[in-house]
Structures are given as C-alpha cells and as structure tokens.
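The structure under discussion is supplied below as structure tokens; questions concerning it will follow.
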2 protein chains.
Amino acid sequence: MVTDCKHCPLRRRGFFEDMAPDELEKTQRFKSGELAVTPGTPILMEGSKAPQLYTALRGMGLRYKTLEDGRRQVVNFIFPGDFIGLQACMLDEMGHSVEATTHMTLCVFDRSDFYDFFRSNTKRAFDITWLAAIEEHFLGETLVTIGQREAVSSMAWAFIRLYQRGAALGLVQNGQMPLPYRQQDLADALGISLVHANKTIAKLRAHQLLNWSAGRLTIFDMEALAKVAQVEIEEPRRRPLI
Amino acid sequence: MVTDCKHCPLRRRGFFEDMAPDELEKTQRFKSGELAVTPGTPILMEGSKAPQLYTALRGMGLRYKTLEDGRRQVVNFIFPGDFIGLQACMLDEMGHSVEATTHMTLCVFDRSDFYDFFRSNTKRAFDITWLAAIEEHFLGETLVTIGQREAVSSMAWAFIRLYQRGAALGLVQNGQMPLPYRQQDLADALGISLVHANKTIAKLRAHQLLNWSAGRLTIFDMEALAKVAQVEIEEPRRRPLI
DNA sequence: CGAGGGTTTGATGATAGTCAAAGTGAGTGG
DNA sequence: CCACTCACTTTGACTATCATCAAACCCTCG
C-alpha cells in the first residue's frame, strides 16, 4: 500500500514544484518504501549514522538537539514535504534528532542510493542543495529570533512562520490550522521556559492576536502580530520535493 | 597579481581536502578575479541579489542579520577558506550580510557561471552541498548555545569553536591565535549585551581558563573550558575548498 | 594633546527562570 | 459510569540572569 510518486498527494498542492517525468521516475526508483510511525517515535538520533533518508508524507514532527544536562533545543518543526536526514547523508552523522509528534508516514530512501540519485540528474542535485540552503536561511532567522527578540516577539514570529507554512500546505481552513505541538515544544524552540512560554501565549491571546488551544491555531490579526514580531509578511516560496 | 588556484596557499594546509587536477582546473576557470577590501567594508547585503560569490582567501570577517529596531545578530565568523554567497546563488537573495573585519582578500566567482560549475563535476556539486550541510550543522549548534546555555557557557563554547577553527587553519602558535573581533561582535553572536559579554569574559579570565585581549586569544585550560561549555572536544573535520 | 573607538566598572531594573501547586481534560479500569 | 491517572496547561510567588544607563578608563592616532 505504498503511495506511488506519480500520485503523490503532496505534489498536487501548489506549494511544491512540478517535476519533469524523468525526475519523477528517478525519484520513484530512489524511494525504497514507506514507514508509518506513532506519536513520540524517534526517527533519527543525533550522532547516529542513519542508513536511510526520509520525506515526510503525512503528519508532523520535530527536530531537536539535547545538551548533556538534559536541556533541549527544538531546531525546527517538521511538516509534510520536509526532507529528513540530509545531514546524516552528507556529514555521516545527524546533527540533531528527529521525532514524530503525530502519526506520520514517511517515504524511505536508502542512503546507499543517495549518491547515485544525486549524480543522476543535475536538477535534483540542485534541488537538494537548495533545500540545504533554505534550511540554513531559516536557521539564520531563528537565530536572530532567539538571540535578539524578546519572548512576545519571538512567539509572534514563530506563530507567523508556522501559520504561513501551514497555509502554503493548504492546512488552513476558516483561518484555523492544526498545530499539534505542546507548549513545551514551542518553549524549547524559542529558548524560553515552559512557564514563560505559557504566560507569553496568554498575553498574545489577551490582545486578541491569536488563539492556540486544543492543537489548533487561529490568527486573528496577522498585521498586528507581524508588527509585534518585527517581520515582513511574505509567502513561503515554492520548494522542490524529494 | 591574482593567486593561481594551483598555488593556493590555503590548500597547502591540511585542513582542506585535496583536489583532483580536473577539479582544480575547473575551479580555476570558475574564478573570475580577486577582491581586496579594508576592515569594515560590506561585502554582501542581506536581501541583495549579489552577482558574485566569494571564497575568503585571507583575512577575517563576519556574517550578520539585523532587525528593524537595529539589533544585530552575528550568525557566524568568517575565516580563510569560507565560501560566501551560496544563499544568494541558490535562493536568489542573501539571508544575511557579510562584512570584512580585517583586511581581506577574496576569490571572486561570477554567479552566472555557478550553475555550469555545479553541473560540470558531480564531486564539486557534492562539495557545495556538503558546505551547505556543515553550515546547517553549525547553525544548529549555535542555536542550542543561544537558546539553552547561559552566558558563561555560551562564551566558553564560542571560544572553543573559534580556537579549533583557528587551530585547523594553523593560526595557533604557542597556544595563541589572532582573533581580531570586538567584544560587541561576540556579544551579538551570542545574543547577550556588550556589558554582560565583557563581564563574562572577565569571569573566564579570572578563572584562568583563557585570555582574550589585543586581538589575541589564548586558551589555558581547554578541558575545564569544555566542561563549562558542555561540549565534546573534537577536531573540526577537513572540508572542501571552492 | 584632544578625539574617538573600544573596554571596563558600578548601579538599577526588567525580563525570564525556577519552584510549587492547582486546574483541565482525555483516557483507563474497576 | 464513575473514580483515578496522567499529561499538559495555568497561575502565583520568588529569584537570578541579563539588559540598560552612565561614567570612567585605556589606547591609538592624527
């Protein structure tokens, strides 16, 4: 019951770039299977040499790093279409762990086929580099956030980016999207404590800017939120799908 | 008076990977010239579509992003051998600004030749992706630092990484290396205020762990420093040179 | 010798962390 | 169907880390 790349439900969303027939076919051959995991399942571990790569097909997860004293930094939230494990592939070791937050389905690729895939088609190689670059770009933005913005501002920024990502994927309906994370996850992503995160969210809610409860996010006033966050509102750009 | 890739002074250091003759020759053809800049010169601007790429040949600089309110986040410190402008190339726009801290000499490449270069040799394309991946890896580590470590710990981490990078490049002599940045730069890199940065450095100095003055860094006790920073001591790995 | 960039220091206050406890709601088992 | 548990959220009280302000200091340079 493996999804055929030709009929990939993701590619139908306008968010992902179209693929030439031969790219599609090569990707199909690259794909070695599918993996379904339950919430909380670790998918990749920091420092491990994973033999496989994934693309998130359904469900959400997160990337994180942990410090020796147990502190955790959430590096990124994983949405459908995200490519997982490039670091293990290029650097031989994952720089962060990956874990499923909801039920997830992942397309599986064998690392041993990666170089062939990379070589087989310049466009695809370029796509992979593009993904690495956009990730670097995003991490840079996250860095400014954690380093320079204060909590309210950080929170606003995070919600805006999450919402935009959701919107691009067509997850937003009636101004609402599923956001199945815990406050602890957001807190760990922004480098603030759970308690402080909670109080900060409460503040945004009190100001009628947004609501996030029961795993659903609603944004009431994007303009005002953007002002709080000090960001330009811009659509995420279309991205390649591996 | 342009340095020939064949005799590139960087490649002689063991830190950079060897290059096959044809790679070397393609790189040479890719290189369109050299640029010498004085301290303080902006090299790339956030948001700009730079027509050129660079490799730092000599000198040091920094990458940073600025917020509307003027706050600055230093994303990374640029050392000889660093590749500059990949983001502009892949994403069409720089995600951060780049500025020279010391006098610098940069190898210049034309963006219009980039795709050809990328396509011409799979190994080189791979190298570029590798660089993007290692950068992503490093930014992840920075993220944990800013998000989870407290000031002393952050500082210790930063000095360790800078020192290791310097050591790999052969800049360390008698346990000392040049580190021509201001305390403000370090502060902006770690997301703390100048005053606090200063006091934190003073603390490390008082504990006899290191000294950083007059643009020179000395580390007295790497072990203890690593303990403060909560990091493993590991050599930076050899990297490709573009 | 004065100017200016960078560093250092002290005083004060705000932002955010920690601790502790209560509230909420979904899921489970008797 | 009703406790009961467990994971998560919410709130209050207290504290620490860190930011801001201001002034002095140090050094190089013209």
Side-chain angles (χ1 to χ4, degrees), chain A residues 38-40 62 67 69-74 99-103 144-159 178-206 210-217 228 230, chain B residues 38-40 62 67 69-74 99-102 144-159 178-206 210-217 228:
Chain A
T38 53
L62 37 82
L67 232 41
D69 65 4
R71 286 167 162 275
R72 181 182 77 146
Q73 174 68 40
V74 168
E99 183 175 305
T101 300
T102 66
H103 279 279
V144 202
T145 301
I146 301 187
Q148 307 299 333
R149 290 190 239 254
E150 51 186 41
V152 218
S153 199
S154 296
M155 271 289 170
W157 172 83
F159 282 123
L179 193 67
Y181 298 98
R182 296 167 306 159
Q183 295 188 352
Q184 182 74 64
D185 297 326
L186 247 288
D188 287 348
L190 298 175
I192 63 184
S193 71
L194 168 61
V195 174
H196 197 51
N198 178 286
K199 286 172 182 169
T200 306
I201 295 170
K203 216 172 280 182
L204 292 173
R205 197 157 30 212
L210 57 80
N211 185 34
W212 178 38
S213 54
R216 302 198 67 81
L217 170 67
V228 173
Q230 293 191 58
Chain B
T38 53
L62 36 82
L67 232 43
D69 65 5
R71 287 167 161 275
R72 181 183 79 146
Q73 174 68 39
V74 168
E99 184 176 305
T101 299
T102 66
V144 201
T145 301
I146 301 187
Q148 307 299 331
R149 291 190 238 253
E150 52 185 43
V152 219
S153 198
S154 296
M155 271 290 170
W157 172 83
F159 282 122
L179 193 67
Y181 298 98
R182 295 167 306 159
Q183 295 188 353
Q184 183 74 65
D185 298 326
L186 246 289
D188 288 348
L190 299 175
I192 63 184
S193 72
L194 168 61
V195 174
H196 197 51
N198 178 285
K199 288 172 182 170
T200 306
I201 294 170
K203 216 173 279 180
L204 292 173
R205 199 159 25 213
L210 57 81
N211 184 34
W212 178 39
S213 53
R216 301 198 68 83
L217 171 67
V228 173

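Just so it is clear: chains get the letters A, B, ... in the order the sequence lines come, proteins before strands, and each one is counted from 1.
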- Task: Locate the shortest heavy-atom distance separating A:L190 from A:T145; write the atom from each residue and the value.
- Result: CD2-CG2, 4.2 Å
- Message: Could you check whether any side-chain N or O of B:S153 sits under 3.5 Å from a backbone N or O of B:V228, counting only pairs where one atom can act as donor and the other as acceptor?
- Response: yes
- Ignoring hydrogens and angles, does a donor from either the side chain of A:K199 or the base of C:dG17 sit under 3.5 Å from an acceptor on the other? no
- Task: To the nearest Å, give me how far apart NE2 (B:H196) and P (D:dA19) are.
- Result: 6 Å
- Query: Below 4.0 angstrom from OP1 or OP2 of D:dT10, is there any side-chain N or O of A:Q183?
  - Reply: yes
- Message: With a cut-off of less than 4.0 Å, is there a side-chain N or O of B:R205 near OP1 or OP2 of C:dT8?
- Response: yes
- Task: May I ask you to say what B:G191 touches in the nucleic acid, namely base, sugar-phosphate or nothing, with a heavy-atom cut-off under 4.0 Å?
- Result: sugar-phosphate
- Note on the structure: A:P180 and A:T101 have their tightest heavy-atom pair at O-CG2, 3.2 Å
- What nucleotide, of D:dT10, D:dT20, D:dC18, holds the atom closest to the side chain of B:V195? D:dT20
- If you look at every heavy atom in B:A156 and B:L204, which pair is closest and at what distance? N-CD1, 4.2 Å
- Query: Is the phosphate of C:dT18, meaning OP1 or OP2, less than 4.0 Å from a side-chain N or O of A:R71?
  - Reply: yes
- From CG of B:D185 across to C1' of C:dT7 the rounded distance in Å is 13 Å
- Message: Can you pull out the residues from residues 144-152 of chain B that lie within a 4.0 Å heavy-atom distance of DNA chain C?
- Response: none
- Give the minimum heavy-atom separation between A:Q73 and A:D188, together with the two atoms involved. NE2-O, 3.2 Å
- Could you pull out the closest heavy-atom pair between A:W212 and A:L179, with the gap in Å? NE1-O, 3.1 Å
- Give the nucleotide from the list D:dT10, C:dA16, C:dT8 with an atom nearest to the side chain of B:N198. C:dT8
- Query: Given atom CD1 of B:I192 and atom C1' of D:dT17, what is their separation to the nearest angstrom?
  - Reply: 11 Å
- Item | Which nucleotide in D:dT9, C:dT7, C:dG17 has an atom nearest any side-chain atom of B:L194 | C:dT7
- With a 4.0 Å cut-off, would you call A:D185 and A:R72 a salt bridge? yes
